[in-house]
There are 2 protein chains.
Amino acid sequence: MGVAERRAREKDDLRKKILDTAADLFIEQGYENVSMRKIADRIEYAPSTIYLHFRDKVDIVANLCAATFGELDRRLQEILDLGLAPLETLHRSLRAYIDFGLDHPSHYVFVFCTPTSMFKDMEQSSGEQIYGCGMGSFGRLKNGLTACMAAGVIREGDVELLAQSTWLMVHGITAGLICQAEFPFVDKEMLIEHSLGRLIGSLR
Amino acid sequence: MGVAERRAREKDDLRKKILDTAADLFIEQGYENVSMRKIADRIEYAPSTIYLHFRDKVDIVANLCAATFGELDRRLQEILDLGLAPLETLHRSLRAYIDFGLDHPSHYVFVFCTPTSMFKDMEQSSGEQIYGCGMGSFGRLKNGLTACMAAGVIREGDVELLAQSTWLMVHGITAGLICQAEFPFVDKEMLIEHSLGRLIGSLR
DNA sequence: TGAATTTCTGAACAGTGTTCAGTACTCTAG
DNA sequence: CTAGAGTACTGAACACTGTTCAGAAATTCA
């Protein structure tokens with residue numbers, strides 16, 4: 001009686017196809033310019049079919065973001081697994097965060113640059129999903145700072161305060177480079193490393 | 001023959017009324033949730049009338065932002081006029097920038113947190129208007145840094161690089177506090193001053 | 001008063017997210 | 001092999017969006 005399983009698998013296939021197609025379109029055209037009808041057209045289903053798999057448009061993006069930010073977590077774990085010096089680990093982690101944002105600008109902007117007030121009339125579960133996206137990584141940042149403090153390579157202080165302050169500024173680098181793409185920035189590599197240098201230097 | 005003048009004045013009055021009403025609505029409900037019809041309803045004109053005064057919706061926001069950011073310029077000039085020590089001036093200016101963003105979250109997000117790619121299919125003039133919003137203030141930041149360098153209170157360096165790096169991080173504080181309003185931030189006052197301390201400290 | 005200008009509107013267009021009655025299909029039980 | 005249950009899917013519709021434009025209304029000028 002593998003029928004139920006096959007049907008479930010087929011249902012999951014379509015779900016994945018919707019997510020993949022939506023991801024492609026979001027990257028191609030940006031969140032606002034992608035409509036449910038465009039997604040439906042590309043997968044050759046009626047728009048209403050999508051609603052059998054996702055509550056609404058935000059639900060699709062929330063799922064995509066959750067998946068994408070899982071990748072950030074993986075990248076950060078990889079760095080942790082290298083077993084480097086705490087300060088070097090911190091530096092690489094912050095750098096990985098920025099690179100991640102630049103690699104996934106649409107997702108990053110959606111999760112971190114959309115005022116939460118815009119999601120007021122939204123299913124709570126989607127809101128929490130989006131909200132939770134970054135929390136795992138923020139926890140890693142706190143761990144990283146704690147490790148640095150324990151090793152005595154940065155001065156003692158309120159970890160929560162330091163972490164929030166650090167995140168805000170790293171976020172600024174990431175979001176600024178994404179959203180002000182037209183701005184005549186100096187060499188990006190230099191700009192990022194210089195800023196990270198200041199950021200980490202100010203922890204000593 | 002003051003007829004023409006009176007009519008021009010009346011026309012300008014309606015223009016201002018549209019801008020004021022739009023500003024109110026944007027603050028109340030956020031840019032995306034305000035429609036041309038809502039604006040038209042509140043001023044008791046037909047939606048199409050608005051198009052006699054503004055090219056499109058973006059044109060309205062662009063005008064609002066230009067006006068708002070004029071206020072930022074004024075605030076920064078006031079600080080400059082105090083004739084304080086260069087480092088103190090820099091500190092107060094950065095603080096004023098953050099406070100300004102928190103005072104006008106909708107405008108700030110619109111100008112700095114909307115990917116420029118979203119304005120691709122937009123009249124060039126509006127794009128330049130939005131783009132130009134922050135340029136004046138950025139120039140002031142560069143001047144402030146140059147003054148500090150001349151006074152020998154920060155170390156020598158590429159002013160453009162320092163200014164961009166500084167702006168990115170100050171932007172992060174501002175945008176982060178606005179867009180992640182639900183995040184359980186520690187005391188905001190402390191968070192801002194701590195971050196500014198790190199930022200300015202890393203210039204020495 | 002009549003003509004010319006300007007101001008303003010109503011209806012329409014093409015698009016959006018979303019809902020839902022009803023069709024088409026697949027699988028199960030008799 | 002067929003009747004019916006159950007699922008997957010669709011087409012049409014709803015209420016909205018920004019925007020356009022022919023024509024109505026109001027105002028000014030001769």
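All values below were derived from every heavy atom in this structure, side-chain atoms included, with hydrogens, water molecules and symmetry-related copies excluded. Below, read A as the first sequence line, B as the second, and so on, with proteins coming before strands; counting in each chain starts at 1. Everything quoted here is computed from the prediction, not taken from an experiment.
In this entry the distance linking CG of B/L52 with C1' of D/dA26 reads 14 Å, nearest Å. Atom NZ in A/K17 sits roughly 14 Å away from atom C1' in D/dC9 (whole-Å rounding). The distance from atom NZ of A/K11 to atom P of D/dC9 is 8 Å, rounded to the nearest whole Å. Distance A/Y51 OH to D/dA8 C1': 17 Å, rounded to the nearest Å. Straight-line distance from the CG atom of B/N33 to the P atom of D/dC16: 14 Å, rounded to whole Å. Rounded to whole Å, atom P of D/dC16 lies 19 Å from atom CD of A/E32. The separation between A/R9 atom CZ and D/dT7 atom P is 18 Å, rounded to whole Å. Here D/dT19 presents its P atom at 5 Å from CG of B/D56, a figure rounded to the nearest Å.
Salt-bridge annotation for B/R9 and B/E5: absent, with no side-chain N of the basic residue lying under 4.0 Å from a carboxylate O of the acidic one. Ion pairing between a basic and an acidic side chain is recognised when a charged N comes within 4.0 Å of a carboxylate O; A/E88 and A/R92 show such pairing. Comment: B/R95 engages B/E189 in a salt bridge, judged by a side-chain N to carboxylate O separation of less than 4.0 angstrom. For the pair B/D20 and B/K16, the salt-bridge criterion is not met [side-chain N within less than 4.0 Å of a carboxylate O]. Look at A/E28 and A/R42 and you find a salt bridge, because one of the NZ, NE, NH1 or NH2 atoms lies within 4.0 Å of a carboxylate O, short of that distance.
Relative to the side chain of A/K38, the nucleotides C/dT16, D/dT19, D/dG18 differ in distance, and C/dT16 lies closest. Of the listed nucleotides (C/dT16, D/dT10, C/dT7), C/dT16 has the atom at the smallest distance from the side chain of A/R37.
A donor-acceptor contact under 3.5 angstrom links the side-chain atoms of A/S48 to the base of D/dG11.
In terms of phosphate contacts, B/R6 brings a side-chain nitrogen or oxygen within less than 4.0 Å of OP1 or OP2 of D/dT28. Taking side-chain N and O atoms only, B/K57 has no distance below 4.0 Å to OP1 or OP2 of D/dT19.
Using a 4.0 Å heavy-atom cutoff across all strands shown, B/T49 reaches at least one base atom of the nucleic acid. Backbone-only engagement by A/L14 is indicated by non-hydrogen atom pairs under 4.0 Å involving sugar-phosphate atoms exclusively.
Of the two residues near DNA chain C, B/Y45 and A/V34, the one whose nearest nucleotide lies more 5' is B/Y45.
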